[in-house]
Structures are given as C-alpha cells and as structure tokens.
Amino acid sequence: MREIRLHDTAAGKVAPLVAREPGRIGIYACGPTVYSRIHLGNARPYVVFSLMKRFLEHEGLAVTLVINVTDVNDKIYTAARAAGVPSAELAAEMTAAYVADTDALGVGRPDHEPLASETMDAIVAYIQALIDSDHAYVAAHASNGANGADGADGADGARDVFFRVRSDPGYGSLSHRHIEDMDQGEGVEGSERKEDPLDFALWKARKADEDTCWPSPWGDGRPGWHIECSAMAEGLLGTEIDIHGGGSDLVFPHHENEAAQTRAARGSELARAWVHNGMIQATGEKMAKSVGNIAPLADVVERYGPSAVVMYLISGHYRQPLSYSQKALEQAQANVTRIREAGRRLSRGPSPVALEPLRDRFFDALADDFNTPEALSAINAWIRAAAGADNGLEAGDEHLREMLDVLGLAQLLAAPVQAPPEVNELVAKREDARGRRDFAAADGLRAQLAQLGWDVRDGAAGPELVARDPDRA
RNA sequence: GGCGACGUGGCGGAGAGGCUACGCAGCGGCCUGCAAAGCCGUGUACACCGGUUCGAAUCCGGUCGUCGCCUCCA
C-alpha cells in the first residue's frame, strides 16, 4: 500500500497518515449549520472529505466518515424568527435541503450525519465531566437576557456554563497562537458572566425568544457550538480520531475549542491529524453568507451539472483558496466533456498494461496530500496515451473508470443513452439526404435534431448520435 | 497590531535548486460535403530587489501586493 501523507494543521506540515487502528480510518468533518440552503463554499469540505474517503478505501482502508449537522444555533433562531416558523421546523427543512443538495453531487453520503439536537444526553454528560474536572464552571449569575427584552429571562434559574480556557495548557497548539496574543474583545455576549474573556460557552441558558431548549443540571438551555462536535465525534469515533477536518476558517476558535474540551475531559487529543480546506473566493474575498457573495450549491449544480461542480472543486489543491467564477465553472464543464468524449472512444474492459504507470501516478498524487490537480493531470496523460494507441479503439476503460470512481465521476463513463425512434428516423432521413448530396436538407435535419437535444457526428462508420449535456438532464 | 498562507504563461492551476505538469481559450495542420468530435503541431511563465549556488521560478533577506484567522463563518 502507498504511504499516504496529509497536511496536519497542528503539526504545520505534511506527515504520514498512521491509522490509530491498523487498517481503519475515522474521519470527522464539520458540516453546515442549517439555517439556509448551503452554498458552493459549504460544499467544498463535503466533497473533499467524501473523495478522501473514497481514495482511502481504494487503498484498502476501512473508512468511517462522519459529517455532522449543526441544527441548534443562534442563526437558526434568528432565521426562523424572520421567516415566522418554528426553529426546529426550519432546521429540519434545511437539513433535508442540505441532504438533497449534496446528494445531487453524486459523491456518496457520509456514514453518519449526527444532529446536535439528537446528541443532547452526550453533550450534557460531556459538560458535566468538564465541570467535575474543574475545567468548566457554572456562571455565578443567571442569564438576564443579553437584550434585556424580557425581565423573566433566566428567572427559572437557568445558568450558562463556560469552559475555563486557561485551564488547558495546550490551548492554542492547533491554531499556533498564544493566549497573550489574542484580542480579548469585550462586549461579547455573556462576557459579564465569564471569569475570563477567553472562556467560551458550553451551555447557554434559554432566552425568552428561543423556542427550543433542553433540560440540564444547569436549567433549560442549549449547547454551545463547540461542545456538540466534541460529543458527536467522540460518540461515533472515539478520541484520537485519525482525521478531523473542515474549512480553514474553523481552525480558530471552533477546532481549537473542540481540541481543548477533549484534552480537558479525556486527557487525550481529539484528533491525530487536523485537515483543513481553503476557502472559495468570490469577488476577491471569502464566499460567505455574511458577505453576500454566495452561489447556492443547488443553483450551480443546476446550471453546470454535478460533474462539472465536482471537477471545479478538485481543479485546485484542497488547501489552496479557489476562485469562483462563471469562467472557472465553464472550464470545469469543458474538462468534464473531454473526459466523457474520451470514454466514448474506449471499449469496456481491461486497460493496456503499458498505461499502468500513468494510473499509478494518479494514485500517488492523491497519496501525496491529496493532490487532485496533479491527479487530474495524470488522467489527461492517460487519456492521451490511450487515445494514441490505435485511435483508442483497442484500449479498455478499466483504469479510467478506477480513477474516476475515486473522484466520484465514474458516471462520465456511463453507457450512452439510446435515442428514441423519432430521432433515429430523422437521422435516417438525413442520411438519405446526404446520399443524394442534398446538403441543405441534411443540415436542416441536423438543426432539427439539435433542437431535440441530439448532436450528429458523421464518421467513417456512419453517423453517431450524441446526447447533448447528459449531465444536466 | 498578532498569527498564517500566497503572488506561475491570455485564463485556471500543479510542481519545485538543473530534466521547464496539465487543462481551457487561441493559432496552424490532418480528417470532413460542411460541421462536430478526434488527432498532430504550436506558447520558454514563475511579483520586484538583493544574496547563497557552477546553476533559483524553486533556498535566504528585504520590498510591494492579495487573501485567511484573531467575532458567527465550510
């Protein structure tokens, strides 16, 4: 088996992936907060870690991929209020939309997709463990509502619980920053109840305008953002997870806090390797809902097709920023078309042994910090070589299928769609016209066929029908 | 202000001390009634200024610029 190397944010370098348990790899990636439809930027980690799983499986490892859904969160409350629907309803609706939107990409589903709302017992127990070990504390005063809108806030005695950041000597080791260097911004919600401005919330006492809450030893409330991931990840994968991933914007504070919680409560690291993908940029900056430069995933898939979207996402190295533009997606579409055309010229079956080095180059590239652009380059080289041999007529598609499958693009080699009878009739009429050298009539029929979504290519072996854009049915 | 990335040919985007990916677009050719698809050929790029070296786009220092994080964020 190849040695697989990945960039670990904590170590700050590319290092060999050594499975916690031989032959098995657990991956936990942070998924979306479901308060609206996801955008292209949210899709990047989904695709990166899904494809990483496929690659590791190809290398003979048993992989468990977990991508969580944050369905309890301030933004959800805010969005639900604005929409005039219960927050749980909005969250459920957007979770379903997220599943549909990512399903459309065709790269597979994670093995587990835990919801924060369904992990409450474990979250509460986790917080209790942190309190018991003195790494967390219950706020001295009941929350009185940050907005002061309702004097009854917290009257039931519900309290916030905070994590004592300075109690973790390892704090900052993931994001490589020192506590002293941090802006200790004031004015953050709940700051007056914290012992230290650095501390972050594990449990938030229920506010009057929040329509969901869960019971706890500290009163009704809900979990903070970071604790849910520690709890969900541990519940499904344990600690010292092989790979913990997400967008690079999560390194601090989200992942730093997760790591601190796990060290404090369990005495071990949450993850052995932290893998972060770069941001997608639009209009020169990070694509984000708060910036307003987002491209909803569903729209992009609708417009360019799922294969082109996946191709676009792997056209750059996962750790680098990736620019979003119409042109970039169109290029990805052209690349997809090129591969599909190549597949058309291949027979089904074993590939020439002489092409194995190119296939190996593909997998070696992925083993080297998941270098998809280099891997794509190997595919192109393979295609060129395969096509060069007897016009490609003798080459089988096995290698190409194997490579594309890891990228979630094997559908590009799907058998061509059969044309309906009326289309074939038009082709026959056109052949007739061509036989009479009535090219005006022939060209007219070709235009008609194009209207119906079929291209005709006149080859030595007769006309070939090609469905236009089968990726966008 | 602190921490960290990055500046590559028209565009996207790898790589990396000497062997100068790959794709898209363009151009020329073959094929074709014309197309389409394909094939062949074609572009000597690495922000700037110094330094190290026989040799640097690749290492070191500086300059300029862009981006990310430090606050919710994939």
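So you know, we letter chains A, B, ... as the sequences are listed, proteins then strands, and number each from 1.
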Between A:Asn380 and B:C22, does any side-chain N or O lie under 4.0 Å from OP1 or OP2? no
On the nucleotide B:C24, are OP1 or OP2 found under 4.0 Å from the side-chain N or O atoms that A:Arg338 carries? yes
Using atom [atom1] of each nucleotide, how far apart are [N] and [M] to the nearest Å?
N     : M     : atom1 : result
B:G61 : B:C67 : P     : 24 Å
B:A14 : B:A57 : C1'   : 13 Å
B:C40 : B:A25 : P     : 16 Å

Indicate, with a heavy-atom threshold strictly under 4.0 Å, whether [X] touches base, sugar-phosphate, or nothing.
X        : result
A:Gly316 : sugar-phosphate
A:Glu285 : sugar-phosphate
A:Ile379 : nothing
A:Val48  : nothing
A:Phe439 : base
A:Glu464 : nothing
A:Gly31  : sugar-phosphate
A:Arg434 : base
A:His317 : sugar-phosphate
A:Gly284 : sugar-phosphate
A:Asn371 : sugar-phosphate

Of the listed nucleotides (B:A74, B:G33, B:C67), which one gets closest to any side-chain atom of A:Asn277? B:A74
When you get a sec, tell me which of B:A14, B:A74, B:G33 is the closest nucleotide to the side chain of A:Arg430? B:G33
Say you draw a straight line from CZ of A:Arg384 to CG of A:Leu355; how long is it, rounded to the nearest 0.5 Å? 12.0 Å
B:A74 C1' sits how many Å from A:Asp249 CG, rounded? 5 Å
Distance check needed: B:A74 P versus A:His255 NE2, whole Å only. 11 Å
Cut-off 3.5 Å, side chains only: do A:Ser230 and A:Glu258 have a donor facing an acceptor? no
Dump the intermediate steps for ring-ring contact (aromatic ring centres under 6.0 Å, His included) on A:His226 and A:His255, then the final yes or no. CA-CA 8 Å; A:His226 317 298; A:His255 286 167; 9.4 Å; no
Should the pair A:Arg222-A:Glu228 be classified as a salt bridge under the 4.0 Å nitrogen-to-oxygen rule? no
Let's test your reading of the model: under 3.5 Å, does the base of B:C22 pair with the side chain of A:Glu374 as donor and acceptor? no
Side chain A:Arg446 and base B:A35 donor-acceptor under 3.5 Å: yes
Regarding A:Arg177 and the six-membered ring of A:Phe252, is the cationic atom NZ or CZ under 6.0 Å from the ring centre and inside 45° of its axis? yes
Measure from the side-chain N and O atoms of A:Glu464 to the backbone N and O of A:Arg457, and report whether any donor-acceptor pair falls under 3.5 Å. no
